Amino acid sequence: MAKFLTNKEENYSQWYNDLVIKADMAENSAVRGCMVIKPYGYAIWEKVQSELDKMFKATGHVNAYFPLFIPKSFLSREADHVEGFAKECAVVTHYRLKNDENGRGVVVDPAAKLEEELIVRPTSETIIWNSYKNWVHSYRDLPLLINQWANVVRWEMRTRLFLRTAEFLWQEGHTAHATQEEAIEETQKMINVYAEFAENFMAIPVIKGVKTASERFAGALDTYTIETLMQDGKALQAGTSHFLGQNFAKAFDVQFTDKSGKLDYVWATSWGVSTRLIGALIMAHSDNNGLVLPPNLAPIQVVIVPIFKNPEQLNAISKEADKIKTGLESLGISVKYDDRDNNTPGFKFADYELKGVPVRLAIGPRDLENGTVEVARRDTLTKEVVSMQAITNYIRDLLREIQENIFSKALKFRKENISYVDSWEEFVDTLNKKGGFIYAHWDGTPATEEKIKEMTKATIRCIPLDSKEEEGKCILTGKPSTKRVLFARAY
RNA sequence: CGGGGUGUAGCGCAGCCCGGUUAGCGCAUCUGGUUUGGGACCAGAGGGUCGCAGGUUCGAAUCCUGCCAUCCCGACCA
């Protein structure tokens, strides 16, 4: 396991900050709990965006954009929704500054007080459903399958880089359907899209499930989640998809006429993933040398480092490097040729490892003589010498292998850190000594869930979709249970 | 909002307890030279309102008070 997660003396967040700054991922901003995402980190996010966007389009969704500000009255239309978000809202009360009469600087102009305060969106259900009211009249207008890429603000009491920042980037899908069945189907379809994305692109295995009532999205009837396990044994919720029933349709009076001419409220879903995924990526795969990026999300998949003593040598190497670069790029592989002469090869090796570039090629005079290339892979840190003729296909296959290897490594880790326990002692013991995911029986009551949380800080991450029916007794109360649920300490 | 820690150059820190020249160190930066197959070396240079405000003192990075920021633990968190 990576040093940063095991070394107790070294402050975890200090390390994280450090890696992130050194890797040009982010730096602390002067603004509370917000982050600056540096170009390299943002490039990873852009990859996430473009791959997800393709999947959304393939499932019939389109993009749109809605306002940043939400009138306070909108937010309060749905009772559960406002209760869930009220405590973490940034509020705009004024729209103008003026010069201070008795001194320096600017002050808020009291005359510019807004009649109705505006909330900086913590999520967009309300403002979007306010629009949908005007967009939906007939069954012919349905389904409405819209996604928005945006930033949202949640004034959390405690923030954590990438995992819980005050402002974060995300996508939020908001759909409207004619029937309950169709909406539920959409909710499930999207959690499957997220699961596929997490496993195939991020190389992080997930457990799909539904949240318990107390962990549900504010205003939802059901929340589907994908739960992931980080290297330190803590769980991270990586994406959610909500079945909203008719709650928002009723709150915003969105009705349609169905085929038989009857008026009914529409059925809704919403679903989202955020820059938290970048946090998951870092925490799931990083090692002591820095980031480990799965090839499918790496902004740079292959870096070529020339090793040379003089400009003549560099020229000769560059010719070969360019050929390789062109060959790889024709296969859709992103390649960077780093011919800067102001850093030594050793420095570049370490730097690209820190940045998680999956494959590094080194070409020196020795290789020119032999017609070879040195190939180093980031996931295993091993090196091989490959002939120049074979290099293009070799790299294509290698990238695939690395992608699979990173996933199976994470899967193996997860397997080793899933426990099945049947008693309270075992539960507490596993939690403290091992951590990870714990499958255990629960009597199904919010009171028991709450009590377990209080006693152990472990929460029910989800009721897994593939959990088998089996007779059992609740680990706390001993009452009968028919299914195991997934417990863990979480971020 | 409670408990604890920290704030000194771009980054990481020492100095503070026990006040006393011109505030140091490592990394990074710049210049010159030698280097370049795993984070190069030598020589030189630049860079600081010591978080902010007030107080004590002949004298404050150092002591006192207040404030601010930040981190950790709690509370909070789909």
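Just so we're clear, the structure is a prediction, and the values are computed from it rather than from any experiment.
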To the nearest angstrom, the CG-P distance between Asn342(A) and U29(B) comes to 9 Å

Using a 4.0 Å heavy-atom cut-off, does Arg366(A) contact any base of the nucleic acid, only the sugar-phosphate backbone, or nothing at all? base

Heavy-atom pair with the smallest gap, counting every atom of Ala284(A) and Gln231(A): O-NE2, 3.2 Å

Could you run down the sub-3.5 Å N/O contacts of the protein with nucleotides 3-5 of chain B?
none

Between C64(B) and G5(B) - P atom distance, rounded Å: 13 Å

With C1' as the reference atom in both, quote the distance from U62(B) to G19(B) in angstrom, rounded to an integer. 6 Å

Could you tell me how far A43(B) sits from U6(B) if I compare only their P atoms? Round to whole Å. 36 Å

Between P on A40(B) and CG on Asp341(A), what's the gap in Å once rounded to a whole number? 14 Å

Nearest 0.5 Å, please: how far is CZ in Phe243(A) from OH in Tyr224(A)? 8.5 Å

Let me confirm one number: the OH-CD1 distance from Tyr132(A) to Ile127(A), rounded to the nearest 0.5 Å. 12.5 Å

If I take atom CD1 from residue Ile184(A) and atom OG from residue Ser241(A), how far apart are they, to the nearest 0.5 angstrom? 11.0 Å

For A40(B), does OP1 or OP2 lie under 4.0 Å from any side-chain N or O of Thr344(A)? yes

For the pair Glu227(A) and Lys211(A), find out whether any cationic side-chain nitrogen is under 4.0 Å from an anionic carboxylate oxygen. yes

Taking G39(B) as the reference, what is the distance to U22(B) when you measure between their P atoms (whole Å, please)? 43 Å

Establish whether the base of G38(B) is bridged to the side chain of Lys383(A) by a donor-acceptor pair shorter than 3.5 Å. yes

Tell me: NZ of Lys453(A) to P of C76(B), nearest whole Å? 7 Å

Phe248(A) pairs by ring pair (Phe, Tyr, Trp, His ring centres under 6.0 Å) with which of His81(A), His174(A), His242(A)? His81(A)

Atom-to-atom span, CG of Leu368(A) to P of U36(B) - whole angstrom: 16 Å

To check you understand the geometry: which heavy-atom pair defines the closest contact between Glu199(A) and Val206(A), and what is its length? OE2-N, 2.9 Å

Looking at the base of G37(B), is there any donor atom on it, or on the side chain of Asp367(A), that sits under 3.5 Å from an acceptor on the other one? yes

Figure out the CG/C1' separation between Asp338(A) and G38(B), and round it to whole Å. 15 Å

Using atom P of each nucleotide, how far apart are C1(B) and C18(B) to the nearest Å? 33 Å

Name all residues meeting the side-chain contact (heavy atoms from CB on, under 4.5 Å) criterion together with Gln246(A); count only those two or more places apart in sequence or in a different chain, and write none if there are none. Lys250(A), Asp264(A), Tyr265(A), Trp267(A)

Using the ring of Tyr491(A) (Phe, Tyr or Trp, six-membered ring only), decide whether Lys234(A) places NZ or CZ under 6.0 Å from its centre and within 45 degrees of its axis. yes

Take the protein atom CG of Asp351(A) and the nucleotide atom C1' of A40(B), then report the distance between them rounded to whole Å. 16 Å

State, with a plain yes or no, whether a side-chain heavy atom of Val292(A) is found less than 4.5 Å away from one of Ile406(A). yes

Work out which heavy atom in Ser214(A) is nearest to a heavy atom in Glu449(A); give both atom names and the distance. OG-OE1, 2.9 Å

List in chain and number order the residues that pass side-chain contact (heavy atoms from CB on, under 4.5 Å) with Ala376(A), two or more places apart in sequence or in another chain; answer none if no residue qualifies. Arg360(A), Lys383(A)

Close residues, residues 71-79 of chain A, relative to RNA chain B [heavy-atom separation under 4.0 Å]: none

NA contact type, Glu374(A), heavy-atom cut-off 4.0 Å: base, sugar-phosphate, or nothing? base

What integer number of Å spans the P atoms of C42(B) and A28(B)? 12 Å

C1'-based separation of G24(B) from C50(B) [nearest Å]: 12 Å

Would you call the rings of Phe168(A) and Trp170(A) parallel, tilted or perpendicular, where under 30° means parallel and over 60° means perpendicular? perpendicular

Using modelled atom types only, decide if a donor and an acceptor are shared between the side chain of Glu172(A) and the backbone of Asn147(A) within a distance under 3.5 Å. no

All stems that RNA chain B takes part in, i.e. 3 or more consecutive Watson-Crick or G-U pairs with distances under 3.5 Å, are B:1-7 with B:68-74, B:10-13 with B:24-27, B:29-34 with B:40-45, B:51-55 with B:63-67

Heavy atoms only, 4.0 Å cut-off, all strands: where does Arg340(A) land among base, sugar-phosphate and nothing? nothing

Closest approach to the side chain of Arg164(A), judged atom by atom: which nucleotide of G39(B), C77(B), G37(B) is it? C77(B)

Pick the P atom in A60(B) and in C17(B), then give their distance to the nearest Å. 14 Å

Without decimals, in angstroms, what is the distance between Lys87(A) NZ and C1(B) C1'? 14 Å

Among residues 299-320 of chain A, which contact RNA chain B at a heavy-atom distance under 4.0 Å? Ile307(A), Phe308(A), Lys309(A)

Check whether more than 12 heavy atoms from other residues, nucleotides or ligands sit under 6.0 Å from atom CD of Glu83(A), and answer yes or no. no

Would you kindly give the CZ-to-P distance between Phe349(A) and U36(B), to the nearest whole Å? 14 Å

Taking Val357(A)'s backbone N and O only, do any of them form a donor-acceptor pair with Gln301(A)'s side chain (distance below 3.5 Å, no angle check)? no

